[in-house]
Amino acid sequence: MRHTIGILALQGDFEKHAEQLTSLNIETIQVRKPETLEKCRGLIIPGGESTTLTKLFDIYGFYEPIREFSRNHPVMGTCAGMIMLAAEADDYRISPLSLIDISVRRNAYGRQINSFVTNVDTPFLGESETFRAIFIRAPQIERVGPDVEILIEYKGNPVMVRNKNIFALAFHPELTHDPRIHQYFSEA
Ligand SMILES: NC(=O)CC[C@H](N)C(=O)O
């Protein structure tokens, strides 16, 4: 049985995701070409820059292989990775995968200097549980489809959502020394 979680390593902070999973004794592999998905039981698409990710997905031919993979494997996208999973993004330069029915707005929380850290309620991790969420030029989820479950909200907006095996987060769970969200994903 495949037990390795793949981390898309085209761009962005993929190493931090690997550290988080390693702390849970979960094996990881850096995914730089579509064939590597064959070795994975799940995939993380890290943050970075969604316009660049769009170009790299095209160049390396990731669109169809990730869509195919997502039919029966868990996929989690964080920040720019979330933008790539969305049904719609507010920037014509981005071609999202449309794996989860959400519409997103890039950089909706402001520029780099407006990055912030806040504690959010995470009832799906247990009663009264919270998580220290780090937002860096974060996208906002402006619309969620009827099948999308909202797992975390911040100021009335969803910031972590799920539809079955697809997870999308506006913030960076890999930057907090707290592997609970990675653990939750790895159990999907
Ligand atoms: N930290 C991030 O991933 C930022 C996302 C970036 N602002 C984008 O639009 O792609």
Side-chain angles (χ1 to χ4, degrees), residues 5-21 28 30-32 42-60 62-63 66-67 70 74-120 122 131-144 148 150-155 157-163 166-182 184-185:
I5 293 194
I7 302 171
L8 199 69
L10 299 176
Q11 194 242 354
D13 72 333
F14 49 86
E15 273 158 9
K16 291 284 177 197
H17 283 283
E19 282 170 27
Q20 203 77 286
L21 291 168
T28 64
Q30 294 187 358
V31 178
R32 295 176 196 277
L43 176 70
I44 294 179
I45 306 179
E49 205 55 55
S50 48
T51 46
T52 310
L53 281 172
T54 294
K55 287 188 196 137
L56 295 173
F57 274 28
D58 253 337
I59 293 169
Y60 294 101
F62 267 108
Y63 278 102
I66 292 180
R67 286 194 178 112
S70 73
V75 179
M76 175 164 86
T78 60
C79 207
M82 171 179 94
I83 298 174
M84 296 308 290
L85 293 181
E88 263 179 313
D90 69 329
D91 187 325
Y92 71 94
R93 293 168 297 173
I94 296 163
S95 306
L97 288 153
S98 205
L99 295 184
I100 184 163
D101 188 17
I102 57 174
S103 304
V104 300
R105 186 153 63 92
R106 295 183 71 204
N107 304 322
Y109 293 97
R111 304 168 63 89
Q112 191 83 19
I113 51 158
N114 305 117
S115 298
F116 63 98
V117 183
T118 184
N119 280 328
V120 290
T122 49
F131 192 91
R132 196 167 161 268
I134 301 181
F135 291 79
I136 304 169
R137 289 184 304 119
Q140 199 165 76
I141 301 175
E142 295 195 305
R143 182 193 63 85
V144 294
V148 176
I150 297 172
L151 296 179
I152 306 182
E153 276 186 331
Y154 170 67
K155 292 194 170 166
N157 282 303
V159 292
M160 177 173 179
V161 295
R162 169 179 190 174
N163 185 5
I166 309 294
F167 299 73
L169 289 78
F171 59 93
H172 287 266
E174 76 285 7
L175 296 180
T176 306
H177 291 286
D178 179 345
R180 288 176 299 155
I181 288 179
H182 286 77
Y184 177 75
F185 169 68

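Counting convention: from 1, in listed order, for ligands and their atoms alike. The first residue in the sequence is number 1, and the count goes up from there.
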Next item on the list: Show your reasoning for whether side-chain contact (heavy atoms from CB on, under 4.5 Å) applies to Asp101 and Asn163.
Entry: CA-CA 8 Å; Asp101 188 17; Asn163 185 5; 5.8 Å; no
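Among Phe116, Tyr109, Phe131, the one residue that satisfies the side chain to side chain contact (heavy atoms under 4.5 Å, CB included) test with Phe171 is Phe131.
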Short N or O separations between ligand 1 and the protein, below 3.5 Å:
unit_1: ligand 1; atom_1: 1 (N); unit_2: Ile136; atom_2: O; d: 3.1
unit_1: ligand 1; atom_1: 1 (N); unit_2: His172; atom_2: NE2; d: 2.9
unit_1: ligand 1; atom_1: 3 (O); unit_2: Gly48; atom_2: N; d: 2.9
unit_1: ligand 1; atom_1: 3 (O); unit_2: Gly48; atom_2: O; d: 3.2
unit_1: ligand 1; atom_1: 3 (O); unit_2: Ala80; atom_2: N; d: 3.1
unit_1: ligand 1; atom_1: 7 (N); unit_2: Asn107; atom_2: OD1; d: 2.6
unit_1: ligand 1; atom_1: 7 (N); unit_2: Arg137; atom_2: O; d: 3.1
unit_1: ligand 1; atom_1: 7 (N); unit_2: Arg137; atom_2: NH1; d: 3.2
unit_1: ligand 1; atom_1: 9 (O); unit_2: Ser50; atom_2: OG; d: 3.3
unit_1: ligand 1; atom_1: 9 (O); unit_2: Arg106; atom_2: NE; d: 2.6
unit_1: ligand 1; atom_1: 9 (O); unit_2: Arg106; atom_2: NH2; d: 2.9
unit_1: ligand 1; atom_1: 10 (O); unit_2: Ser50; atom_2: N; d: 2.6
unit_1: ligand 1; atom_1: 10 (O); unit_2: Ser50; atom_2: OG; d: 2.7

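Scanning for salt bridge (charged side-chain N to carboxylate O under 4.0 Å, His left out) contacts around Arg162 gives an empty result, with sequence neighbours left out. Glu153 is linked by a salt bridge (charged side-chain N to carboxylate O under 4.0 Å, His left out) to nothing, counting only residues two or more places apart in sequence or in another chain. Contacts of Glu15 classified as salt bridge (charged side-chain N to carboxylate O under 4.0 Å, His left out), with partners at least two apart in sequence or in another chain: none.
Between Glu49 and Arg137, at least one side-chain nitrogen of the basic residue sits less than 4.0 Å from a carboxylate oxygen of the acidic one, meeting the salt-bridge criterion.
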